[in-house]
There are 2 protein chains.
Amino acid sequence: MHNVVVPEPRRRPARRPTINDVAAAAGVSRGTVSRVLNGGRDVSDAAQEAVEKAMRKTGYVVNQHARSLVTQRSQSVAFILSEPQDRLFEDPNFNVLLHGCTQALAKHDITLLLTLASSLEDRKRLGRYLTGGHVDGALLVSTHSGNPLIPELLSRGLPVVACGKPLGYERQAAYVAADDRDGARQMVEYLRSTGRRRIATITGPLDTPGGIERLAGYREALGDSDPALIAHGDYTRAGGEAAMRRLLSQTPDLDAVFVASDLMAAGAITVLQLAGKRIPEDVAVGGFDDSQVALTTQPPLTTVRQSYPRISAEMVRLLLSLIDGESPAAVIVPTELVVRESA
Amino acid sequence: MHNVVVPEPRRRPARRPTINDVAAAAGVSRGTVSRVLNGGRDVSDAAQEAVEKAMRKTGYVVNQHARSLVTQRSQSVAFILSEPQDRLFEDPNFNVLLHGCTQALAKHDITLLLTLASSLEDRKRLGRYLTGGHVDGALLVSTHSGNPLIPELLSRGLPVVACGKPLGYERQAAYVAADDRDGARQMVEYLRSTGRRRIATITGPLDTPGGIERLAGYREALGDSDPALIAHGDYTRAGGEAAMRRLLSQTPDLDAVFVASDLMAAGAITVLQLAGKRIPEDVAVGGFDDSQVALTTQPPLTTVRQSYPRISAEMVRLLLSLIDGESPAAVIVPTELVVRESA
DNA sequence: CCGCTTACCGTGAACGTTCCCAGAATCAGT
DNA sequence: ACTGATTCTGGGAACGTTCACGGTAAGCGG
């Protein structure tokens with residue numbers, strides 16, 4: 001290293017005070033101290049006061065491991081990020097979700113632990129960590145299907161709530177998801193209500209819940225439609241552009257397109273404008289997510305919003321109920337059409 | 001809620017298998033199983049195999065609380081974000097730091113827990129959590145001074161390593177910081193070596209280590225300079241713009257400016273160009289951080305880079321040594337001049 | 001064949017809590 | 001004064017590990 005300064009040495013305290021030390025200092029028994037610690041029921045004012053004073057004096061802090069060992073509760077839950085997380089952190093919606101969960105859990109005096117697991121090795125260690133009793137439950141944001149952590153945690157009986165439908169485990173894992181299908185339906189019906197007749201769609205990857213459900217909603221609103229009106233994307237801007245180009249060449253007379261994500265929609269808009277189409281006059285464009293980009297497109301994007309505060313609240317509620325021994329459930333939170341200028 | 005589907009009920013396993021169950025299943029004693037669990041020294045091949053088989057059969061996972069209770073180790077450390085964290089998550093450098101720490105800790109089979117504490121209430125709960133023995137140590141990214149968690153953790157004897165000089169606790173807390181002063185010095189000396197003679201600076205807030213140290217490096221390189229060459233910013237783009245305007249009016253003949261962050265430098269460049277100055281011909285501009293924006297300015301920004309992978313590695317090394325009982329140290333990692341077109 | 005070393009194994013104690021139960025003390029009602 | 005209820009307290013047991021210690025058996029040199 002370049003330079004090392006060694007400040008004055010710090011000695012670690014010899015031994016942490018235990019509940020017995022407090023009891024001795026307060027002149028009461030272990031049991032009484034424990035009662036004070038846990039709500040103070042059945043303890044006289046005098047004892048209560050003596051114990052509190054003794055705790056201050058000794059600088060006592062409860063040993064969570066000892067407590068957890070007997071209560072079988074750790075008062076903490078994990079928030080698992082098992083994707084290569086770089087993209088997620090940049091997503092402001094993700095921040096809202098995370099923050100919402102932290103707050104909701106805080107109300108129950110539960111700490112949220114964010115754990116990362118990108119590599120396989122990480123995931124293994126994390127599996128051990130989680131099933132070792134360190135946490136009471138886990139919140140999982142699983143964008144892709146086939147996350148190997150899900151079956152592992154499930155088989156250990158660890159309460160797990162997924163954000164977004166956990167493909168392949170819909171029946172076993174609890175989850176909360178936005179009503180993708182209904183959102184898509186709303187959007188397409190809105191497009192129709194404004195007189196559009198050739199409504200195309202760019203879907204997400206069909207191995208993601210959003211890909212599947214949003215397409216289903218599109219179909220639901222339209223009945224069976226011309227297959228030439230459907231193109232598949234991959235949630236990236238470039239993917240949206242490519243899909244839009246395919247649609248334009250397949251179906252030049254389309255007058256609206258419902259795109260399964262805002263980012264792809266931004267790509268689609270670029271391509272449309274390059275092709276000389278005016279938005280929304282010639283082609284109406286609808287997105288999904290109501291993310292940042294929806295406001296930066298030209299014109300601003302009509303899109304579908306999902307309420308992240310709501311989602312986080314429901315996730316926590318569900319997790320706590322699982323921890324309490326209830327059986328898993330799926331919660332679908334409503335989505336809402338946000339009309340701007342693009343449609 | 002909008003819709004609830006209840007999949008088939010999942011029953012929680014009656015009881016987790018303990019080390020005794022494994023011992024019974026393997027026909028050996030508790031002690032032997034424990035030995036297998038901890039490296040397998042002094043255990044015969046036959047016993048080893050029997051135990052491993054029994055563990056698979058019973059689905060045994062060690063109870064971390066029980067283990068931690070006796071070993072006084074939790075094999076996990078906290079990564080504490082106590083600022084309103086929204087800004088941090090968006091910083092790609094932060095991701096590098098986080099990832100680096102995770103990896104470095106993984107080598108020692110230690111799990112990293114990311115904990116958020118924005119509100120005061122959060123911070124309290126977090127304090128309890130951390131000092132309750134849940135973690136063996138903490139990594140702290142403290143951009144501002146006066147973080148109340150530092151003294152608390154310190155007084156509890158919890159090993160803490162800060163990223164960036166923890167103002168007010170430099171002597172007591174271990175930390176690793178980039179060599180801000182030297183980086184600034186390098187930059188200013190480089191500017192002088194290209195013939196610049198009226199070198200101004202825009203500083204960061206003077207209650208942050210970066211603000212103080214980078215200014216010190218500037219002074220070090222220049223000897224005492226004209227106070228009219230110094231303006232203070234707040235690390236935001238707007239702050240950089242304002243400071244640049246002040247400098248231009250105070251000192252219209254400046255021919256270079258060292259800006260204490262890339263973002264402020266981007267603001268400064270805008271103002272300079274609006275004032276009709278060519279960069280670098282009329283005014284050379286140097287930044288600090290080598291962040292994303294350094295590449296997007298016009299022209300690309302000459303700046304100072306700090307090695308985040310290096311910083312994370314040193315932080316972990318330092319923390320582990322603290323946990324092993326060593327006394328705290330400060331590590332300063334070198335900074336490096338990155339020359340691009342703006343100077 | 002004896003004793004010493006080595007490899008392996010079992011057991012009791014400890015870690016610091018909570019929980020439960022039994023008992024003491026107080027009090028009110030008869 | 002006796003009973004019964006109520007409030008408070010103390011202490012044993014348990015949670016699931018690790019660790020130090022002691023013991024047994026086998027191997028080996030003399």
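Throughout, a chain's letter reflects where its sequence line sits, starting with A, and its residues are numbered from 1.
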What is the distance, rounded to the nearest whole Å, between atom [atom1] of [X] and atom [atom2] of [N]?
| X | N | atom1 | atom2 | result |
| --- | --- | --- | --- | --- |
| B/Asn63 | C/dT17 | CG | P | 16 Å |
| B/Tyr60 | D/dG16 | OH | P | 10 Å |
| A/Arg67 | C/dC15 | CZ | C1' | 16 Å |
| B/Asn20 | D/dC15 | CG | P | 10 Å |
| B/His65 | D/dA14 | NE2 | P | 21 Å |
| B/Arg73 | D/dC19 | CZ | C1' | 15 Å |
| B/Leu69 | C/dT18 | CG | C1' | 13 Å |
| B/Ile19 | C/dA13 | CD1 | C1' | 15 Å |

Apply salt bridge (charged side-chain N to carboxylate O under 4.0 Å, His left out) to A/Arg56 and A/Glu52, showing your working.
CA-CA 6 Å; A/Arg56 274 194 300 275; A/Glu52 280 168 359; 5.1 Å; no
Would you mind reporting whether [Y] and [X] have side-chain heavy atoms less than 4.5 Å apart?
| X | Y | value |
| --- | --- | --- |
| B/Ile332 | B/Tyr175 | yes |
| A/Asn63 | A/Thr18 | no |
| B/Leu139 | B/Leu319 | yes |

Please work out if A/Gln72 contacts a base, only the sugar-phosphate, or nothing of the nucleic acid, heavy-atom cut-off 4.0 Å.
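It contacts sugar-phosphate atoms only.
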How close do A/Met55 and A/Val22 get, counting heavy atoms only, and between which atoms?
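Result for this residue pair: CG-CG1, 3.7 Å.
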Between B/His65 and A/His65, what is the ring plane arrangement, given parallel below 30°, perpendicular above 60°, and tilted in between?
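Because their plane-to-plane angle lies in the 30° to 60° range, the rings of B/His65 and A/His65 count as tilted.
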For DNA chain D, which residues of residues 26-54 of chain B approach it to below 4.0 angstrom with any heavy atom?
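Within this stretch, B/Arg30, B/Ser34, B/Asn38 sit under 4.0 Å of the strand.
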